[in-house]
Amino acid sequence: MKIKKAVIPAAGLGTRMLPATKTIPKEMLPLLDKPVIQYIIEEAVASGIEEILVITNRAKSAMDDYFDYHPELEERLLRDGKIKECEAVRRSADLAEIFYVRQKETKGLGHAIWRAKSFVGNEPFAVLLGDDIMRSQTPVLKQLIDAAEKYNACCVGTQAVADDAVSRYSSLKVSPLEDTIYKVTDMNEKPSPEEKFSNFAILGRYVLTPAIFPILENTPPGKGGEIQLTDGLKQLCLSGHPFVAKEFEGRRYDTGNLCGFLEATLDFALDAPETGDFLREYIKSKA
Ligand code: G1P
């Protein structure tokens, strides 16, 4: 099982970050000096992914422009001796082979992933949610790929979340296989307290097999009236398809809401050599 393809669903409306996201795709909001989606693509590439499909919509063309060359700008930067800036501009376009397909209707995450069917073909593939930024020693997707390959199974990234947060995620029914890897036997999307299986939630990373596509094709709308990926994965699980969860090492940030975005911005800025000392001093001056 070699995983070379990834899908990044980025067709959401970004309603939690309005008004900025009225004209800027939320995936293009800058975390320090790079757009959020670049961190996701860098994690994919660092995990061995070579081809990436971004699921977009009609308001998101800023994303494909960003991952394209910009000859005029590059020429100007070179002429002005701004070599570092020129390299950064070029690097974003050379990160990976990136493809785009539009989700023509906003029908949910399951429907967005189903749009990747032709791109994926017959191989296992990764999914990285565009809002979920990870900071870890080993790239989180790589941790999942290793577990998926070891068990020849689908794999979701998980961590235990607080009791009052379970209803914002999908809750997994699990039994331990080894330290940090669990067998998954069932799951529920955004469960009520009665529906919850455990505090282990799916957090933004998946390794799936094409067996999910015929299921998604027939998955009816679920929570929020949308076709949910979790509902499709539940079917896959219940049909006996090998399925594991990897309790990944690392910190996850939900950059789709203001506080998560702020946490990520501060943590990344504190770590970056260009901004770390400045920010520490600035925070001290405010205390
Ligand atoms: C989505 C998924 C959910 C998952 C969550 C975090 O929810 O539907 O199963 O737990 O991402 O990765 P959303 O945050 O889009 O509401």
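We number each residue from 1, following the sequence as shown. Ligands are counted one by one from 1 in listed order, and the atoms in each one are counted from 1 as well.
- Side-chain contact check for Y206 versus I113: every heavy-atom pair is 4.5 Å or farther apart.
- Closest to atom 4 (C) of ligand 1, if we only count protein heavy atoms, is I202 O, 3.4 Å.
- Proximity of R168 to ligand 1, defined as any heavy-atom pair under 4.0 Å, is not found for any part of the residue.
- Using a cut-off of 4.0 Å between Lys/Arg side-chain N and Asp/Glu carboxylate O, D131 and K26 are scored as salt-bridged.
- The K190 neighbourhood of ligand 1 comprises atoms 7 (O), 8 (O), 13 (P), 16 (O), with distances under 4.0 Å to a heavy atom of that residue.
- In this structure, Y69 places its OH atom where more than 12 heavy-atom neighbours from other residues, nucleotides or ligands lie under 6.0 Å away.
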Compile the donor-acceptor pairs under 3.5 Å between side chains in residues 213-233 and protein atoms, sequence neighbours left out, one pair per line.
| residue | atom | partner | partner atom | Å |
| --- | --- | --- | --- | --- |
| E217 | OE1 | W114 | NE1 | 3.2 |
| N218 | ND2 | P214 | O | 3.2 |
| T219 | OG1 | I215 | O | 2.7 |
| K223 | NZ | E189 | O | 3.2 |
| K223 | NZ | K190 | O | 3.2 |
| K223 | NZ | E195 | OE1 | 3.2 |
| Q228 | NE2 | K223 | O | 2.8 |
| T230 | OG1 | E189 | OE1 | 2.5 |

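- Heavy-atom contacts from other residues, nucleotides or ligands closer than 6.0 Å to CZ of R280 number more than 12.
- With respect to atom 12 (O) of ligand 1, the closest heavy atom belonging to the protein is G204 N, 2.8 Å.
- Counting protein heavy atoms only, atom 1 (C) of ligand 1 is closest to L129 CD1, 4.0 Å.
- Scanning the protein heavy atoms around atom 2 (C) of ligand 1, the nearest turns out to be E189 OE2, 3.7 Å.
- Interface of T230 with ligand 1, defined as ligand atoms under 4.0 Å from a residue heavy atom, comprises 9 (O).
- Within ligand 1, counting atoms from 1 as listed, the ones closer than 4.0 Å to a heavy atom of D132 are 6 (C), 12 (O).
- With contacts defined as side-chain heavy-atom distances shorter than 4.5 Å, the pair Y100/K60 does not qualify.
- No side-chain donor-acceptor contact under 3.5 Å links R115 to the backbone of K104.
- With a 4.5 Å cut-off on side-chain heavy atoms, Y151 and K246 do not count as touching.
- Less than 4.0 angstrom separates atom 10 (O) of ligand 1 from at least one non-hydrogen atom of the protein.
- At least one N or O atom of S170, backbone or side chain, sits closer than 3.5 Å to an N or O atom of ligand 1.
- Of all atoms in ligand 1, listed by their number and element, those nearer than 4.0 Å to a heavy atom of L203 are 12 (O).
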